[in-house]
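Right, one structure below, let's go through it.
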Amino acid sequence: MYKTLSIGEVLWDIFPDYKKPGGSPANVAYHLHCLGADSLLLSRVGDDNKGSELLRFLKNKEIDIRYIQQDRVHPTGIVTVAFAEGEPTYTIQKPSAWDYISLTDSLKMEIDSLDAICFASLSQRNNVSRNTIQKVLAAVPDTCLKVFDLNLRPPFIDKELILNLIKKSDIIKINEHEYKTLADWYGSKKFAKEIVENNPTKTVLLTEGKNGSSMFISEGFFHEDALPVTENGDFVGVGDAFLACFTYLKLKDTPAPKILALSNQYAAFVASQKGGMPEISNSILEQIQ
């Protein structure tokens, strides 16, 4: 069984008429668990009712919560979700408990055995959590797959940090809006192709919503069209599901084009559900395996 660590926010996504547990790293950790990984989550919640409710939810989902810390000073994170033309927009509370994630001695003992580490840019908006993530990244084995989810959430955008994280990562996942920003930063619309040409071990993943998903690797460019989804879903956490599935299959040495197709399929199922951590049907899991 592959051991993975996701670091960053676990929080409540507050929708107009309901709430769901979320946070990009937490979503990734959940889906890695569903797919069969020994999935660890390093995060922090407030010592409050919302935090206790999150911990109960994760425990009921059989997620390992040993490394989710409780904060007596800062509240459990919440994100208010609104929709524009079907696409979610986010208002993110600050400060939140997940801004203050610390590195514990017990977690340090896990680092040498990690097969993959998954992290994001938003999680590092505060120096405390940023320093923790940077320390873990520096300590993982060379064989550990470093998976970076770029999630640009204004005003929490640090160009220097993000470009540095791209250099450190094996897999970089971006969406179509973030692609445009990075193209400006790199001064080239072909930056993804150039990244993998200059670093043959890297993979750049592009999620394109209704247009499917794409992959840039040293062997070339691959694309998968979006699959039909039901209208019951809310599209929140779909990119996280895609990235978790891609990471899991990458650890299994699945051929690159097949990884993309299966990850696209898994994401389509999640797009048909509500929230970032829906129940995953056995039929979907059997197809992925």
Side-chain angles (χ1 to χ4, degrees), residues 6-31 33-34 41-61 63 65 68-101 118-126 128-129 149-157 173 175 177-178 207 209 229-244 267 269-280:
S6 300
I7 309 180
E9 62 272 19
V10 61
L11 45 77
W12 285 104
D13 285 325
I14 309 297
F15 296 86
D17 52 356
Y18 62 93
K19 69 177 182 179
K20 290 282 187 180
S24 174
N27 291 339
V28 170
Y30 169 76
H31 289 291
H33 166 75
C34 291
L41 174 60
L42 175 60
S43 190
R44 194 174 181 96
V45 298
D47 186 12
D48 50 29
N49 289 336
K50 286 186 175 68
S52 298
E53 193 176 354
L54 269 178
L55 292 175
R56 285 195 299 272
F57 173 87
L58 294 171
K59 191 171 182 180
N60 287 338
K61 293 285 188 179
I63 303 296
I65 61 172
I68 301 181
Q69 303 155 10
Q70 288 187 282
D71 192 313
R72 295 182 180 273
V73 177
H74 303 98
T76 297
I78 61 171
V79 173
T80 304
V81 185
F83 294 91
E85 298 181 357
E87 291 292 324
T89 59
Y90 307 93
T91 303
I92 307 167
Q93 173 185 285
K94 183 182 181 182
S96 296
W98 57 264
D99 286 312
Y100 298 89
I101 300 168
C118 305
F119 54 98
S121 52
L122 175 63
S123 312
Q124 301 179 61
R125 68 179 183 177
N126 180 283
V128 176
S129 290
D149 183 7
L150 177 63
N151 41 26
L152 297 183
R153 300 284 187 266
F156 310 115
I157 299 174
K173 195 271 286 181
N175 66 31
H177 306 295
E178 293 159 349
T207 55
V229 299
T230 67
E231 296 183 358
N232 297 325
D234 54 30
F235 288 92
V236 172
V238 174
D240 305 327
F242 172 85
L243 183 60
F269 173 81
V270 175
S272 300
Q273 310 299 307
K274 290 187 180 298
M277 302 185 206
E279 291 289 335
I280 308 298

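Predicted, not measured: the structure shown is a model, and the values here were computed from it.
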*Considering all heavy atoms of both residues, which atom of P75 and which atom of D48 are nearest to each other, and what is their separation?*
CA-OD2, 3.5 Å

_V79/W12 under side-chain contact (heavy atoms from CB on, under 4.5 Å): CA gap, chis, key distance, verdict_ = CA-CA 6 Å; V79 173; W12 285 104; over 6 Å; no

*Does the side chain of T76 come within less than 4.5 Å of L54's, by heavy atoms?*
yes

*asked:* Between L150 and L152, is there a side-chain heavy-atom distance shorter than 4.5 Å?
replied: yes

*Ignoring hydrogens and angles, tell me if any N or O in the side chain of D99 forms a donor-acceptor pair with the backbone of S96 under 3.5 Å.*
yes

*Locate the shortest heavy-atom distance separating V270 from A241; write the atom from each residue and the value.*
CG2-CB, 3.6 Å

*If every non-hydrogen atom of W98 is compared with every non-hydrogen atom of V10, which pair is closest and at what distance?*
CD1-O, 4.1 Å

*asked:* Tell me whether K19 is salt-bridged to E53, with the criterion being a basic N under 4.0 Å from an acidic carboxylate O.
replied: yes

*asked:* Do F156 and K94 make a side-chain contact, defined as non-hydrogen atoms from C-beta onward lying under 4.5 Å apart?
replied: yes

*Test D149 against every option in L122, D240, N27, N175 by the side-chain contact (heavy atoms from CB on, under 4.5 Å) rule and name the one that passes.*
D240

*If only atom types and distance count, is the side chain of Y30 paired as donor or acceptor with the main-chain N or O of P278 below 3.5 Å?*
yes

_Please check: side-chain N/O of H31 versus main-chain N/O of L243, any donor-acceptor pairing under 3.5 Å?_
no

_Tell me whether S129 contacts the main-chain N or O of Q124 through its side chain, where contact means a donor paired with an acceptor under 3.5 Å._
no

*Between Q70 and G46, which heavy-atom pair has the shortest distance, and what is it?*
NE2-O, 4.3 Å

*asked:* Are there over 12 heavy-atom neighbours, none belonging to N49, within less than 6.0 Å of that residue's CG?
replied: no

*Give, for atom CG of D71 and atom CZ of R44, the distance between the pair rounded to the nearest 0.5 Å.*
4.0 Å

*asked:* Could you walk me through whether K20 and D13 satisfy the salt bridge (Lys or Arg N to Asp or Glu O under 4.0 Å) test, starting with their C-alpha distance in whole Å, then the side-chain angles of each, then the deciding distance to 0.1 Å, before giving a yes or no?
replied: CA-CA 5 Å; K20 290 282 187 180; D13 285 325; over 6 Å; no

*Any donor-acceptor pair under 3.5 Å linking the side chain of Q69 with the backbone of V45?*
no

*So, for I7 and S123, which heavy atoms are closest and what is the spacing to 0.1 Å?*
O-OG, 3.9 Å

*Between CG of L55 and NZ of K50, what distance do you get to the nearest 0.5 Å?*
14.0 Å

*asked:* Would the distance check show the side chain of S121 and the main-chain N or O of N151 forming a donor-acceptor pair, the cut-off being under 3.5 Å?
replied: yes

*Separation of Q93 CD from I14 CD1 (nearest 0.5 Å)*: 9.5 Å

*Would E9 and R125 count as a salt bridge (Lys or Arg N to Asp or Glu O under 4.0 Å) if you check the C-alpha gap in whole Å, the side-chain angles of each, and the deciding distance to 0.1 Å?*
CA-CA 11 Å; E9 62 272 19; R125 68 179 183 177; over 6 Å; no

*Between M277 and K61, which heavy-atom pair has the shortest distance, and what is it?*
O-NZ, 3.7 Å

